[in-house]
Amino acid sequence: MEKILREALLKAVKSQGVEISSLEIEVPKEEGFGDLSTPVAMGLAKTLKKPPRKIAEDIVNSIENKVIFEKIDIAGSGFINFTFSKKYLCDELKELIKKQDDFLTEDIGKGKRVQIEFVSANPTGPLHLGHGRGAALGAALSNLLIEAGYDIEKEYYINDAGRQVKLLGMSVFAKYKQLLGKDYPFLEDGYKGDYIEDLAREFMKIRGYGDAENKDSLLEEITDFAYKKMLDEIKKDLEDFGVFFDSWQSERELYTLPISPHYKEGEWGGEIQKSEIENSIDELKNRGYIYEKDGAVWFKSTAFGDDKDRVVIKKEGDYTYFAPDIAYHRRKLKKGYDEIIDIWGADHHGYVPRMQSVFQALGYPRGHLRVLLVQMVTLLREGKPVQMSKRAGEFITLREVIDEIGADTIKFLFLTRRPDSHLEIDIEVAKAQSSENPVYYVQYAHARINSIFEKAKESSWLMAHGSWIDFNGELFNDEEMRIVKKLLLYPMIFKNAALAHEPHRITFYLQELAGMFHPYYHKYRVVSEDIELTKSRLALCAAIMIVLKHGLKILSVKAPERM
RNA sequence: GCGCCUGUAGCUCAGUUGGAUAGAGCAACUGCCUUCUAAGCAGUAGGCCAGGGGUUCGAAUCCCUUCAGGCGCGCCA
C-alpha cells in the first residue's frame with residue numbers, strides 16, 4: 001500500500017522537474033484525512049517558488065495510476081491525502097493471504113552480511129535482568145533483519161581470559177578451602193553470591209576432598225571448572241529465554257591460538273607465528289597509530305576524536321582489556337561483514353569512541369561499526385530500588401524472572417520500550433499485572449482466531465464450502481475495512497523498523513492490531529449461516545493471524561493456538 | 001568539572017526521523033458471560049510535552065541555555 005504510493009509519487013514529483021532525496025509518507029492522525037498522506041508539496045514550495053497548493057495539484061495531476069484510489073484530496077495547508085479504493089485494498093488483502101511472509105516483508109538487506117554481538121556477559125555469575133534486555137533486543141533485531149533479507153550472524157563474546165574470571169576462581173577456591181574446614185582468608189573484593197558456595201560444593205563432589213596438591217594447579221583447575229559451569233548456566237538461561245546464538249567466541253583464543261580454525265589457509269599471510277592480539281597491535285603500529293610512552297604502549301585514538309589515547313600494553317607488560325577487544329573486532333572485520341553491530345549496556349558508552357577509532361584506524365568507515373546502547377534496568381521491589389551488584393551477590397537473576405513471570409512476558413515488556421529509555425520494573429507489579437500484561441492481549445487475539453478456525457472445521461463449514469480465499473470483499477463493512485487497511489500498513493511498519501533497527505515498532509503495531517481485532521470479535525460473529533459473509537470474514541481473520549504470527553516471530557514471542 | 005542518555009496523563013511508556021486537534025497500557029469509576037475463549041468488550045476521567053530563548057510555512061521532535069535524574073570519565077574489566 002505504501003510502496004505503490006511511494007513509487008507513484010516519486011514518478012509524479014520527478015515529472016515536476018525536481019529531484020528529492022527522501023519522500024515522507026505518513027498515516028494521518030485523523031481518519032477523515034484519508035489512508036496515507038504526504039507533506040511533500042510543502043517541502044517543495046521553496047525550491048519551486050510556487051505555493052504548496054499549486055504544487056500539490058500538479059503532483060496529483062501527474063499521478064498515472066489513479067484507479068487504485070477512491071479519492072485524492074489536497075488539504076488547506078498543502079497535504080495530499082490519499083484514500084484507496086475498496087477494490088484495490090481487497091485485492092491486496094488477497095495477495096497478503098496468498099503470499100504471506102513474502103507480502104509482509106521487503107528485501108532491504110539484499111543479502112548483506114551483518115554480525116550482531118550481544119549479551120556477552122562475563123561468565124562469572126548468572127545473567128541478571130539487565131542482560132535480559134540486551135538479549136531480547138539482540139534476538140528481536142536479528143529476527144527483524146533476517147526477515148528483511150540480511151545475512152545475520154549472532155555472536156556471544158566470552159570474556160574467559162580476564163581478571164574477573166581469575167577473581168571468580170579465587171572466590172570459589174577460598175570457599176572450597178573453607179568448606180574443607182581450613183582457616184582460609186575471606187576474599188575482600190571477590191564474588192559473594194550464594195552460587196559461589198554452590199560451585200565450591202559441586203567442585204568438591206567431582207574433585208573430592210583432598211587438597212594435597214600445590215595451590216597453583218588446583219586454583220587453575222577450579223577456575224576452569226567454575227567459569228565453564230557458569231557459562232553452561234548462561235547458555236541454559238538464554239535457551240529458556242528463547243534466545244539463541246550462532247557462534248560463541250572465546251577471548252582466550254585470541255591470546256593462545258595463532259590462527260583461528262574459522263579461516264582458510266593463506267588468508268592471514270605471515271601472521272601465523274603470533275597471537276591475534278599481537279598481530280592487531282602490529283597492524284595498528286604499521287598504520288602509525290601505536291606509540292610508546294612512560295613505558296606503556298598506547299593507541300592513538302585521539303586521531304579519530306576520542307578524548308584521550310588509550311593504553312593497550314601496560315608498563316608491566318600485560319595487555320589491558322582493550323587489547324583483546326581490538327583483536328576481537330579486527331577478527332570480525334577479517335570475516336568480511338558488511339556491517340557490525342554491538343549491543344552494549346549503557347554503562348559502557350564511554351567505550352564507544354575508542355572502538356570506533358579502532359575501525360577507522362584499520363581503514364574502515366565510522367559507520368561500519370554500529371553500537372546500540374541498552375539503558376540500565378532499575379529494579380524496584382515494593383517501590384524501592386534493588387541494588388544490582390554481581391560482586392556483592394545482590395541481583396535479580398534472569399532465571400528468577402523467567403520462572404516467576406515468564407520469558408514471553410519479559411521479552412515483550414522489554415520490546416515495548418526504546419532501547420535508550422531508562423526502564424523501571426517493579427517486580428511485584430510485574431508479577432501482579434502478569435494476567436493483564438499486553439503480551440497476553442496480543443497472544444490472545446491469535447489464539448482466538450485460531451479457535452474461530454477450529455470452530456469452522458468442527459462445524460464442517462470448511463469441508464462444505466471450501467476455501468475462503470475467493471472471498472467477496474464488497475461485503476466488508478467500515479470496521480472491517482479499517483482492519484484491512486491496518487493490515488496493509490504492516491509492510492511499511494516492518495520496513496521502517498528494520499531500517500531504524502527498532503523492533504519496538506513492531507510491538508506497538510501488534511498491540512494496535514490486537515486492539516482492533518478484539519472489539520471486532522466481540523461485535524460480529526465470523527462463522528454463520530451466511531456462506532459468502534463467513535468467507536470474507538474468515539479471510540480477514542486469516543490475514544490478521546498471518547500478521548500477528550509474523551510480528552510475534554520477530555519478537556521471538558510465542559503465538560499460541562490456545563490459551 | 002567534562003561527556004553520553006533521559007525528562008510527555010497519578011504510574012510505566014509510545015509518538016511514524018520536522019507535519020494536521022497529543023497517544024496507549026496500567027491504576028480509578030460505571031456496565032456486559034446460554035453465542036467462534038471474559039487473558040475480552042462498551043463507557044467516564046486524566047496534559048504548561050521539565051522551564052526559558054531561538055531556527056521556519058509548521059517544533060514534544062532540530063539548536064542554545066537552565067533545572068532534575070541516571071551512567072561514564074583508570075596502565076580495572
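A note on names: the letters A, B, ... follow the listed sequences, proteins ahead of strands, and every chain is numbered from 1.
- Of the candidates B/G19, B/G72, B/U6, the closest approach to any side-chain atom of A/Arg418 belongs to B/U6.
- Using a 4.0 Å cut-off between a side-chain N of Lys or Arg and a carboxylate O of Asp or Glu, A/Arg537 and A/Asp530 do not qualify as a salt bridge.
- In terms of position along RNA chain B, the nucleotide closest to A/Ser421 lies nearer the 5' end than the nucleotide closest to the other residue of the pair A/Ser421 and A/Ala500.
- Nearest-nucleotide positions on RNA chain B place A/Ile25 closer to the 5' end than the other of A/Asp307 and A/Ile25.
- Pair check for B/C41 finds B/G31; Watson-Crick or G-U wobble, both atom distances under 3.5 Å.
- If you check every strand for non-hydrogen atoms under 4.0 Å, A/Gln375 touches sugar and phosphate atoms only.
- If you check every strand for non-hydrogen atoms under 4.0 Å, A/Ala296 touches a base.
- Rounding to whole angstrom units, NZ of residue A/Lys315 and C1' of B/G74 are separated by 13 Å.
- Heavy atoms of A/Asn81 sit under 4.0 angstrom from at least one base atom.
- Residue A/Arg482 places its CZ atom among 12 or fewer non-hydrogen atoms of other residues, nucleotides or ligands, all under 6.0 Å distant.
- Counting heavy-atom neighbours within 6.0 Å of A/Lys50 NZ, excluding the residue itself, gives a total above 12.
- A/Arg562 places its CZ atom 16 Å from the C1' atom of B/A39, with the value rounded to the nearest Å.
- Among the heavy atoms of the strands, none lies under 4.0 Å from A/Asn159.
- Between A/Phe79 and A/Phe33, a ring centre-to-centre spacing not shorter than 6.0 Å is recorded.
- In this structure, CZ of A/Arg310 is placed 13 Å from P of B/C76, rounded to the nearest angstrom.
- Put simply, CZ on A/Phe412 is 13 Å from P on B/A14, counting in whole angstrom units.
- The CG atom of A/Asn496 sits 9 Å away from the C1' atom of B/U17 (whole-angstrom rounding).
- Among the heavy atoms of the strands lying under 4.0 Å from A/Ala75 is at least one base atom, whether or not backbone atoms are also near.
- Counting non-hydrogen atoms under 4.0 angstrom, A/Tyr521 reaches a base of the nucleic acid.
- Within the nucleic acid shown, A/His422 comes within 4.0 Å of at least one base atom, counting heavy atoms only.
- Base pairing of B/C2: its partner is B/G72, meeting the Watson-Crick or G-U wobble criterion (both donor-acceptor distances under 3.5 Å).
- The aromatic ring of A/Phe79 does not stack onto the base of B/G19, failing the criterion of a centre distance under 5.5 Å from the six-membered base ring together with planes under 30° apart.
- Taking 3.5 Å as the limit, the base of B/A77 and the side chain of A/Thr320 contain no donor-acceptor pair of atoms between them.
- Comparing atom distances between the A/Glu24 side chain and each of B/G18, B/A77, B/A38 picks out B/G18 as nearest.
- The side chain of A/Pro519 lies closest to B/A42 when the candidates are B/C76, B/A42, B/A20.
- Ring-base stacking between A/Phe508 and B/A24 is not satisfied when judged by a centre separation under 5.5 Å and a plane angle under 30°.
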Exercise for the section: Walk me through it: do A/Gln164 and A/Asn159 pass the test side-chain contact (heavy atoms from CB on, under 4.5 Å)? Expected result: CA-CA 9 Å; A/Gln164 296 306 321; A/Asn159 293 109; over 6 Å; no

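- Other residues, nucleotides and ligands contribute only 12 or fewer heavy atoms inside 6.0 Å of the CG atom of A/Asp478.
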